[in-house]
There are 2 protein chains.
Amino acid sequence: MHSFETTIGRLRSEGFKLTPQRLSVIRYLIGNKTHPTAAVIYGDLKKKYPSLSFSTVYNTLNMLEKISEVQSLHLFDDFLNYDPDISSHYHFVCRSCDSIIDIFPREGENVSLPEGDISGNRIESAQVVFKGMCKSCL
Amino acid sequence: MHSFETTIGRLRSEGFKLTPQRLSVIRYLIGNKTHPTAAVIYGDLKKKYPSLSFSTVYNTLNMLEKISEVQSLHLFDDFLNYDPDISSHYHFVCRSCDSIIDIFPREGENVSLPEGDISGNRIESAQVVFKGMCKSCL
DNA sequence: ACGGTATCGAGAATTATTATTGACTTGATA
DNA sequence: TATCAAGTCAATAATAATTCTCGATACCGT
């Protein structure tokens with residue numbers, strides 16, 4: 001996500017109302033380096049905002065995804081993870097402990113993917129998911 | 001998937017029983033160049049085998065995935081697609097018509113991904129999904 | 001402060017996939 | 001070919017993440 005001010009500004013200009021519930025979700029995500037599920041966000045925020053509902057969490061996440069402030073990740077079978085880091089990076093999932101680790105291209109020796117068109121199809125984005133065993137589990 | 005004979009042989013040696021229902025799913029998948037969902041497979045086979053059940057389709061697909069004869073793909077929100085092509089390749093999904101197009105590395109100008117370890121994490125496989133607009137929709 | 005409108009929370013609905021269960025097949029053995 | 005134990009079948013119920021519904025409420029421009 002962008003900074004709090006920038007994100008708020010974008011939402012305002014898109015016509016979204018900035019309710020306390022939405023702001024709490026946004027504050028939760030900004031600077032968050034994990035990849036929380038809707039359930040985790042709800043669980044954590046519920047402590048501080050007991051009246052928060054699941055619908056509002058999902059509603060806010062979908063709204064943020066629509067304006068590309070978060071990205072949803074299909075890493076597991078039964079639920080989505082949300083990534084507040086919108087910089088270009090990939091993900092590594094450990095098949096043993098299920099941890100999710102960010103992979104930034106510069107760390108890899110040779111990560112390059114096609115851009116532009118392939119066989120006439122226009123590529124606009126790429127999602128890369130590595131699976132294997134993480135450092136701790138090895 | 002491998003050839004019919006090879007696949008059958010693998011299942012037999014793994015101790016799976018080769019029932020007509022399973023064979024029908026396997027025959028449906030072999031040589032299939034699309035990425036059918038369980039529902040599509042069930043719908044198509046139901047015509048010829050009216051007694052086939054959804055459970056059997058899922059059961060067979062999970063079995064085939066376990067022995068790496070098919071790969072499940074999380075391309076959309078609500079369901080899985082199954083890919084009988086187990087050669088190394090990536091996928092392109094059109095955001096307009098939802099079509100799925102196979103991308104083989106040799107077609108792209110510069111597809112290379114890290115292998116082995118990254119920051120101490122052992123990569124065993126990589127899934128790449130491109131999104132954009134397909135040729136027909138452009 | 002007022003009123004129209006968007007959003008809230010609570011719970012019901014949706015739906016792909018998985019689990020359960022009793023009857024039936026399969027395939028190995030003789 | 002007949003028998004039998006174990007695995008599999010089909011039907012249906014269960015599961016669970018996400019979305020939808022709707023009356024009540026809060027926000028914002030005037």
Side-chain angles (χ1 to χ4, degrees), chain A residues 8-28 35-67 70-83 98 100, chain B residues 8-28 35-67 70-83 98 100:
Chain A
I8 297 298
R10 290 196 63 200
L11 287 172
R12 207 188 296 276
S13 74
E14 296 267 351
F16 293 110
K17 292 192 176 173
L18 301 171
T19 65
Q21 293 88 344
R22 286 180 177 172
L23 289 172
S24 77
V25 174
I26 291 167
R27 273 195 227 95
Y28 182 90
H35 309 79
T37 61
V40 165
I41 297 171
Y42 173 76
D44 284 357
L45 289 178
K46 188 77 176 174
K47 299 169 193 161
K48 226 178 167 180
Y49 307 88
S51 81
L52 185 70
S53 80
F54 247 115
S55 316
T56 301
V57 173
Y58 277 110
N59 180 34
T60 305
L61 287 169
N62 288 338
M63 180 186 74
L64 291 171
E65 186 171 25
K66 204 162 292 173
I67 64 169
V70 301
Q71 185 189 6
S72 66
L73 306 172
H74 278 93
L75 302 178
F76 300 99
D77 283 346
D78 299 335
F79 50 83
L80 293 176
N81 292 85
Y82 287 88
D83 191 346
D98 286 348
I100 302 167
Chain B
I8 297 297
R10 292 197 60 198
L11 288 172
R12 207 188 295 275
S13 73
E14 297 266 352
F16 293 108
K17 292 190 176 173
L18 300 171
T19 65
Q21 293 87 344
R22 285 180 178 170
L23 290 172
S24 77
V25 174
I26 291 167
R27 273 194 228 97
Y28 182 89
H35 310 79
T37 62
V40 165
I41 296 170
Y42 173 75
D44 283 357
L45 289 178
K46 189 78 176 173
K47 298 169 193 160
K48 226 179 168 180
Y49 306 89
S51 81
L52 186 70
S53 80
F54 247 115
S55 317
T56 300
V57 174
Y58 276 111
N59 180 34
T60 305
L61 286 170
N62 288 339
M63 180 186 75
L64 291 172
E65 185 171 24
K66 204 163 288 171
I67 63 170
V70 302
Q71 186 189 5
S72 67
L73 305 173
H74 278 92
L75 302 177
F76 299 100
D77 283 346
D78 298 336
F79 50 83
L80 294 174
N81 293 85
Y82 288 89
D83 192 346
D98 286 348
I100 302 167

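Quantities reported herein were computed from a predicted structural model and do not represent experimental measurements. Here is the naming used below: chain letters follow the sequence lines, and residue numbers restart at 1 for every chain.
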Partner set under salt bridge (Lys or Arg N to Asp or Glu O under 4.0 Å) for Lys47(B), not counting sequence neighbours
Asp44(B)

Quantified as the angle between the terminal helix axes (five pairs each), what is the overall bend of the helix from dA1(C)-dT30(D) to dA30(C)-dT1(D) to 10 degrees?
40°

Once salt bridge (Lys or Arg N to Asp or Glu O under 4.0 Å) is applied, do any residues pair with Arg27(B), and if so which ones, sequence neighbours excluded?
none

Considering all heavy atoms of both residues, which atom of Ser51(B) and which atom of Lys46(B) are nearest to each other, and what is their separation?
C-NZ, 4.3 Å

Protein N or O to nucleotides 17-21 of chain C N or O, pairs below 3.5 Å:
residue : atom : partner  : partner atom : Å
dT17(C) : OP1  : Leu80(B) : N            : 2.7
dT17(C) : OP2  : Tyr58(B) : OH           : 2.3
dT17(C) : O5'  : Tyr58(B) : OH           : 3.2
dT18(C) : OP2  : Asn62(B) : ND2          : 3.2
dA19(C) : N6   : Ser55(B) : OG           : 3.2

What pairs with Tyr82(A) under ring pair (Phe, Tyr, Trp, His ring centres under 6.0 Å), at least two apart in sequence or on another chain?
none

Please report the closest heavy-atom contact between His74(B) and His74(A), naming both atoms and the distance.
CB-CB, 3.7 Å

First and last nucleotide of DNA chain D, 5' to 3', lying under 4.0 Å from heavy atoms of chain B
dA6(D) to dT12(D)

Hey, which of these two, Arg22(B) or Tyr42(B), hits DNA chain D nearer its 5' end, going by closest nucleotide?
Arg22(B)

Under 4.0 Å protein heavy-atom contacts per nucleotide of nucleotides 25-30 of chain C, with B for base, S for backbone only and - for none
-BS---

Arg10(A): partners by salt bridge (Lys or Arg N to Asp or Glu O under 4.0 Å), with sequence neighbours left out
Glu69(A)

List for me each residue that meets side chain to side chain contact (heavy atoms under 4.5 Å, CB included) alongside Asn81(B), sequence neighbours excluded, and say none if there are none.
His35(B), Thr37(B), Leu73(B), Leu75(B), Phe76(B), Phe79(B), Ile100(B)

Sequence-distant partners of Tyr42(B), ring pair (Phe, Tyr, Trp, His ring centres under 6.0 Å), two or more places apart:
Phe54(B)

Mind checking side chain to side chain contact (heavy atoms under 4.5 Å, CB included) for Thr56(B) and listing every partner two or more places apart, or none if nothing turns up?
Gln21(B), Leu52(B), Ser53(B), Thr60(B)

In chain order, what residues pass the salt bridge (Lys or Arg N to Asp or Glu O under 4.0 Å) check against Asp98(B), with sequence neighbours excluded?
none

